[in-house]
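As a basis for the values below, the full set of heavy atoms in this structure was taken, side chains included, without hydrogen atoms, waters or symmetry mates. Reminder, nothing fancy here: chain letters follow the sequence lines and each chain counts from 1.
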Amino acid sequence: MKTIEDIRRDFPILGLQVNGKPLVYLDSAASSQKPMQVLNAYCGFCESRYANVHRGVHTLAENATADYEDARRLVAEFVKADPRGLVFTRGTTEAINLVAQSYGRKFIKHGQAILLTPMEHHANLVPWQLLAQYTGAELRFWPMTEDGRLDLDGGKKLLDSRVAMVAVTHMSNVLGTINPVREIAEMAHAVGAKVLIDGAQAAPHLPVDIGGIGADFYAFSGHKMCGPTGIGVLWGRPEILEDMDPFMTGGEMIREVWLDHATWAEVPHKFEAGTPPITEAVSLGAAVRYLQQITPEWIAAHDHALTELAWEKLTREPGVTGYGPTDNRGAIVTFNVDGIHPHDLAGLLDREGVAIRAGHHCAQPLMRWLGVQATARASFYLYNTPEEIDRLVDGIRIAKKVLHVV
Amino acid sequence: MEFGSRKRYCTLFDLYSEILLDHYRLPRNKGRLDHPTVTVEGTNPLCGDELTLDLEFEGDRLSRVTFDGKGCAISMASASMLTEILQGKTIAEVEKWIADFRAFIRDGHAPEGVEMGDLTALIGVSKLPVRVKCATLPWMTIEEGVRKYRGS
């Protein structure tokens with residue numbers, strides 16, 4: 001078993017000095033850092049295995065295809081899902097757009113409804129707005145409790161036979177709320193609705209069991225879970241994917257093409273038009289192998305302990321307001337400091353080598369719900385330590401002094 | 001693969017210089033005028049900055065300018081610096097300052113022959129796309145104010 005020191009050594013960037021101070025990276029919810037194992041897989045694949053996939057019959061083409069399909073299998077195993085339903089996309093955003101376009105335009109009709117929540121990232125909101133405008137479907141919003149959880153009874157009242165799709169985040173990227181997705185899927189299926197879970201924040205941090213959740217679609221991104229950018233996943237039930245029309249068309253996703261029509265490849269290839277991000281997929285495979293070795297359970301426990309500690313230390317600081325549930329939260333603490341604009345806080349923390357996110361976190365409706373324009377957000381991952389939380393708190397105290405906020 | 005051989009540090013220009021912080025803590029010309037010729041508001045919806053400029057013109061001269069609002073240190077300091085520099089200038093001079101400030105932020109250095117004074121402290125934002133809007137908000141707002149005055 002690796003120690004936290006071993007893990008930190010795996011991530012070369014964590015040895016960096018930023019503005020003369022050792023880097024404290026608390027922005028993994030935006031994007032995680034990459035371990036040597038992933039960097040080496042990326043370079044190693046390019047150095048000795050690289051070619052286009054599913055085309056050539058030469059050795060490299062076969063090696064590359066084998067590695068690409070191995071990655072699909074590894075990633076599917078990581079989230080306990082059938083690899084036939086695992087479509088590689090550019091990320092969560094593309095995955096959700098794929099469902100909204102390919103499933104939504106074909107199967108969601110005028111008079112039906114799409115049930116969302118106010119805590120969605122823009123990527124799980126705007127694609128549905130567009131679909132609603134296109135089809136005339138109605139958008140409904142799951143009510144929230146004051147502490148930032150979904151009000152299950154309130155949601156139940158909105159679930160009737162007109163609801164065709166329930167799209168909800170597994171973990172809020174602002175509040176850190178972990179939603180009871182299994183229960184939500186059951187409730188949705190009881191009225192005949194399909195369920196899409198946005199797993200962008202959950203897949204890196206929690207043991208995810210897509211089969212157990214009972215989701216029809218599950219989307220996540222590689223770059224938030226130690227993989228590279230430009231690669232993500234849509235998992236869909238293979239039988240649903242088969243009924244859907246393609247999202248993008250071109251090479252790779254076809255079976256036969258005539259001048260005036262074409263037939264589609266089997267799923268999941270039907271949804272992978274053009275040359276896919278091959279090296280990125282292979283590197284995502286290396287990332288999940290790395291996470292699997294440390295175990296999602298260890299990561300979840302580590303993140304949980306850090307988040308509890310951070311919540312306690314931050315909310316004990318004078319003038320600091322924390323947002324979201326006080327317990328059972330994901331590895332995110334969103335907060336504001338009285339009298340300091342979050343951008344200034346992030347700017348002044350940067351001087352201390354501490355990297356946090358500031359802004360609206362691509363969740364403007366949720367900012368309105370909280371009654372704030374912007375917030376600061378510290379997020380944690382397997383490589384963070386309790387000492388780094390102390391550096392964050394020290395940085396906040398320095399920022400208060402610099403801006404004369406007492 | 002060898003990662004350890006690279007330089008292991010990186011540093012940004014210090015945005016929060018003493019000059020900038022001085023304007024933030026002790027803003028010049030902050031408040032409202034009783035009888036402004038033109039009042040103009042600017043907002044930066046993404047970060048929530050809100051700014052009101054009161055402008056008092058005497059013929060073609062900006063005789064007084066005050067600001068009020070809330071926002072980050074960059075936007076508030078930039079507004080404070082603006083009032084200090086533009087108070088008493090002719091409209092033509094004000095317009096030249098607006099153009100020079102734009103060029104200063106865009107190019108990352110002062111236009112030739114222009115002495116930027118305290119505004120030099122804002123040079124760091126030219127490398128921080130997210131913060132450019134904070135620094136330029138007061139300048140875009142006064143530009144609107146001048147346009148309003150010319151149109152009236």
State whether the side chain of A:R351 and the backbone N or O of B:L15 hold a donor-acceptor pair below 3.5 Å, judged by distance alone.
no
For chain A, which residues from residues 72-103 of chain B have at least one heavy atom closer than 4.5 Å to it?
B:C72, B:A73, B:I74
Which of residues 27-34 of chain B get closer than 4.5 angstrom to chain A, counting heavy atoms alone?
none
Should we say atom [atom1] of [X] is surrounded by more than 12 heavy atoms from elsewhere, each under 6.0 Å from it?
| X | atom1 | result |
| --- | --- | --- |
| A:R391 | CZ | yes |
| A:K2 | NZ | yes |
| B:M140 | CE | no |

Contacts of residues 333-348 of chain A with chain B (heavy atom under 4.5 Å)
A:G339, A:H341, A:H343, A:D344, A:G347, A:L348
With B:F57, which residues qualify under ring-ring contact (aromatic ring centres under 6.0 Å, His included), at least two apart?
B:Y149
Below 4.5 Å from any heavy atom of chain B, which atoms of A:V402 appear? Answer side chain, backbone, both or neither.
both
